[in-house]
There are 4 protein chains.
Amino acid sequence: MNETGPGLRADARRNREKLVATARTVIAERGTAFSLDEVARRAGVGVGTVYRRFSDREALVQAVALEDFRRVAACARAAEAEEGTGWDALRRFVGEAGSDLLLAGRLSAWFVAAWDSLRADPENLRLRRSLMEVLDRMVSRAQQEGAVRRDVTGGDVALLLARVLRPLPGLSEGLDDPERHLAVVLDGLRPVPAADPPLPGRPPASGELG
Amino acid sequence: MNETGPGLRADARRNREKLVATARTVIAERGTAFSLDEVARRAGVGVGTVYRRFSDREALVQAVALEDFRRVAACARAAEAEEGTGWDALRRFVGEAGSDLLLAGRLSAWFVAAWDSLRADPENLRLRRSLMEVLDRMVSRAQQEGAVRRDVTGGDVALLLARVLRPLPGLSEGLDDPERHLAVVLDGLRPVPAADPPLPGRPPASGELG
Amino acid sequence: MNETGPGLRADARRNREKLVATARTVIAERGTAFSLDEVARRAGVGVGTVYRRFSDREALVQAVALEDFRRVAACARAAEAEEGTGWDALRRFVGEAGSDLLLAGRLSAWFVAAWDSLRADPENLRLRRSLMEVLDRMVSRAQQEGAVRRDVTGGDVALLLARVLRPLPGLSEGLDDPERHLAVVLDGLRPVPAADPPLPGRPPASGELG
Amino acid sequence: MNETGPGLRADARRNREKLVATARTVIAERGTAFSLDEVARRAGVGVGTVYRRFSDREALVQAVALEDFRRVAACARAAEAEEGTGWDALRRFVGEAGSDLLLAGRLSAWFVAAWDSLRADPENLRLRRSLMEVLDRMVSRAQQEGAVRRDVTGGDVALLLARVLRPLPGLSEGLDDPERHLAVVLDGLRPVPAADPPLPGRPPASGELG
DNA sequence: TATGAATGAGGGTTCATTCAT
DNA sequence: AATGAATGAACCCTCATTCAT
């Protein structure tokens with residue numbers, strides 16, 4: 001059900017891609033309460049085609065999330081490879097998540113909701129693991145550079161991104177500005193002046209998320 | 001449809017309260033995909049009674065959100081009245097939102113979804129305005145105290161709370177720790193060392209949220 | 001889901017009865033491939049009403065089978081009580097199954113298909129047990145009277161009835177005459193002249209069917 | 001659509017045969033609720049191929065029934081030719097129907113359901129006529145031998161076989177033993193002691209079935 | 001006023017059938 | 001000729017909402 005390779009006929013692959021893209025849009029609009037019929041209609045195909053490609057609703061959601069994770073993971077790897085410091089890499093990644101990657105980021109964040117079934121997919125698992133490893137390395141380097149407080153982990157970054165990137169539905173245009181609030185969070189990750197108490201709770205291990 | 005006053009017969013009011021409380025529980029369990037039948041059953045009344053009290057599904061959700069907003073607003077007023085500094089008040093309010101107010105906070109955050117229809121209800125409007133005024137005052141005082149960066153508003157605080165408090169569904173037990181991440185956000189609100197760039201975007205005016 | 005008692009409102013009970021009766025007809029026409037929508041339409045109610053009374057398709061089938069089993073069991077008890085010999089009771093029961101009970105008999109026979117789920121219903125279990133006990137007694141008595149061959153059991157009678165009563169779909173009118181073939185079977189149950197070999201296979205114990 | 005002759009390319013004929021054989025198996029497993037996709041998949045061809053060979057679902061079912069009728073008819077002719085008496089031929093035929101021919105018998109019995117459309121196919125018509133003629137001859141001879149009651153016809157035998165051979169779905173393993181009950185029926189065809197009343201109803205003329 | 005029965009639109013899913021490759 | 005992708009009607013079932021009791 002996750003055929004993406006060249007095994008698919010050209011038109012079938014086009015349809016599949018159209019479906020995933022349409023699903024992303026519809027989901028962004030309607031949230032999890034989207035309807036497969038609507039996706040099919042707006043993609044210009046019959047419902048049957050949706051079911052030929054995706055065994056069920058869940059599978060379609062997974063496919064969207066998978067594509068998003070791919071982009072996010074690629075972006076993280078690029079930031080790590082091309083930036084000179086851990087902090088710069090982290091800042092670039094978070095920045096891109098909030099602007100260029102916004103939609104992708106929102107959706108993969110949103111679909112953390114499907115965590116259980118996502119976990120089942122091998123490629124998804126691999127992607128999440130890889131993403132967590134990159135984030136952990138970025139955070140560690142930035143901590144050694146003295147640029148990030150020592151009591152956070154890559155997992156914290158992932159979860160904070162997920163929290164902030166999800167859309168706040170119902171807000172009037174322009175109010176839902178995740179970039180702005182990501183910047184606040186980024187500053188919250190800086191080393192703290194002595195006065196403030198350390199973070200409560202337990203830092204999430206990357207294995208728990210990846 | 002939102003009669004809460006003494007105009008209601010005693011048993012009718014009891015039913016109404018039971019329904020709102022049950023709805024809160026059911027919504028917390030099932031998310032937005034809860035069913036009115038289940039609420040009615042678990043409240044021990046017929047569906048008809050739900051409709052006598054709440055014109056439709058939306059109205060019930062609003063009623064729950066309203067009660068939550070009331071608690072949140074009361075908490076903010078108490079923090080403002082009882083704490084010596086704006087920063088202490090802000091910290092206390094955010095802290096309570098993450099612990100004591102957690103459920104209420106999550107729900108009201110969740111129901112930001114119903115923002116448009118919530119706006120219609122006069123009491124809700126009043127509550128939100130009042131909450132926003134308190135938050136704005138807290139932030140202003142804390143900024144004058146030099147405890148909070150100058151480029152944020154009470155609206156930023158409200159939105160950041162909403163973002164962080166919403167549950168991250170699908171996480172394994174213990175991973176979804178909003179208190180921890182509220183602490184990061186709180187630190188992000190502190191005045192920043194000169195190096196970091198100012199927040200991007202536009203500060204939300206309290207009127208846009210209240 | 002099997003409320004038949006007085007707990008049901010009068011109109012609700014009327015609807016329930018109409019639904020079971022309609023279902024019996026539709027099933028007789030279409031076989032197991034009948035549609036709930038058609039049952040609802042022909043009963044003059046909405047689909048929702050079907051689902052309010054019967055948790056699912058299976059439950060409706062069970063309800064039909066249950067009513068049929070009730071009639072069949074009652075008929076067997078009457079035959080046993082009112083006929084002077086085991087053979088007469090057996091002959092009367094089989095005869096009634098083929099004429100008066102025809103439809104009921106066919107359906108309960110047909111719905112042996114749902115054996116597994118039917119087994120789950122306590123009343124159904126009780127009815128089938130009771131029916132098997134009566135049949136076993138009839139056969140035993142008739143065997144002692146020398147009227148029935150000694151190598152058959154009440155279970156054989158039940159299975160033979162089930163086989164012969166099911167409709168032979170597609171036959172032109174008048175060709176599907178189960179009464180005629182029940183008479184052949186009844187004669188086949190008579191003690192056999194010495195020459196013929198005994199029945200092959202193993203006699204079914206009544207416990208296996210009841 | 002029923003090309004079986006040499007007009008078909010070798011691979012096409014192989015496909016056709018594979019499809020009929022697979023269909024028989026799948027139908028035996030799933031009953032009438034089988035799906036063409038499953039047949040195609042298990043036969044190792046595309047659905048399109050099914051439709052190239054069989055105009056629709058019905059036609060495939062007919063093809064299966066046809067092959068079965070062929071076997072049954074051949075078996076009847078062999079019994080008639082090789083047995084010394086009409087009774088022996090009849091007994092052998094019925095016995096083989098219950099053992100060797102069991103599956104074929106069940107299926108053709110099952111597909112009496114498709115009687116109407118079967119009637120349309122010329123080969124099927126010819127086969128059924130031929131089978132009925134053989135059965136009528138067997139019964140007549142056996143009646144002249146004094147081995148079979150005078151009030152039954154070949155059509156009765158055909159219908160009784162159809163009734164008894166159809167599977168009783170839902171029975172636990174071993175309970176559905178058609179051989180045993182065919183033996184009862186065979187005994188029921190014997191001449192009856194004077195006491196019993198003659199068969200009710202009207203003997204089916206072979207023309208009505210063939 | 002409270003109850004819960006009835007309604008029917010709508011969503012998920014399957015599958016016979018058609019058609020582009 | 002074979003393949004399997006696409007289509008869409010039909011079915012099961014749920015649930016918000018209305019209405020008779």
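The chains referred to below are lettered A, B, ... by the order of the sequence lines, with proteins before strands, and numbering in each begins at 1. Below, each value reflects all heavy atoms present in this structure, side chains not excepted, and no hydrogens, waters or symmetry copies.
Comparing G46(D) and G44(A) by the nucleotide of DNA chain F that holds the closest heavy atom to each, the one mapping nearer the 5' end is G46(D).
Counting to the nearest Å, the C1' atom of dG11(E) and the CG atom of L60(A) are 14 Å from each other. Between the P atom of dA2(F) and the CZ atom of R13(D) lies a distance of 13 Å, rounded to the nearest Å. Going from atom CZ of F54(C) over to atom P of dC12(F) covers 15 Å, rounded to whole Å. Between the NZ atom of K18(A) and the C1' atom of dA5(F) there is a distance of 12 Å, given to the nearest Å. Remark: P of dT1(E) and CG of L19(B) are 15 Å apart, rounded to the nearest angstrom.
A close approach under 4.0 Å does occur between a side-chain nitrogen or oxygen of R53(B) and OP1 or OP2 of dA2(E). Put simply, T49(C) has no side-chain N or O that comes within less than 4.0 Å of OP1 or OP2 on dA5(E). One finds no side-chain N or O of N15(C) lying less than 4.0 angstrom from the OP1 or OP2 phosphate oxygen of dA5(E).
N124(C) is not listed as a side-chain neighbour of Q62(C), based on a closest heavy-atom distance of 4.5 Å or more.
For D11(A), the salt bridge (charged side-chain N to carboxylate O under 4.0 Å, His left out) test picks out R9(A), with sequence neighbours left out. Considering only residues two or more places apart in sequence or on other chains, E38(D) meets the side-chain hydrogen bond (donor to acceptor under 3.5 Å, both in side chains) condition with R30(D), R42(D).
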Across nucleotides 12-21 of chain E, 5' to 3', mark each nucleotide with B, S or - according to how protein heavy atoms within less than 4.0 Å reach it. SBB-SBB---
Encoded 5' to 3' (Watson-Crick or G-U under 3.5 Å; [ ] crossing; | other strand), DNA chain E becomes .||||||||||||||||||||
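Taking the centre and axis of the six-membered ring of Y51(B), the NZ or CZ atom of R57(B) falls outside the cone set by 45° and 6.0 Å.
The minimum heavy-atom distance linking V39(B) with T22(B) is given by the pair O-CG2, 3.7 Å. Nearest heavy atoms, L19(A) versus L60(A): O-CD1, 4.4 Å. Contact record, N15(A) with V45(A): OD1-CG1, 3.5 Å, taken as the closest heavy-atom pair. Here the closest non-hydrogen pair linking A12(B) and R53(B) is CB-NH2, 3.5 Å. The two residues A63(B) and V20(B) make their nearest non-hydrogen contact at CB-CG2, 4.0 Å.
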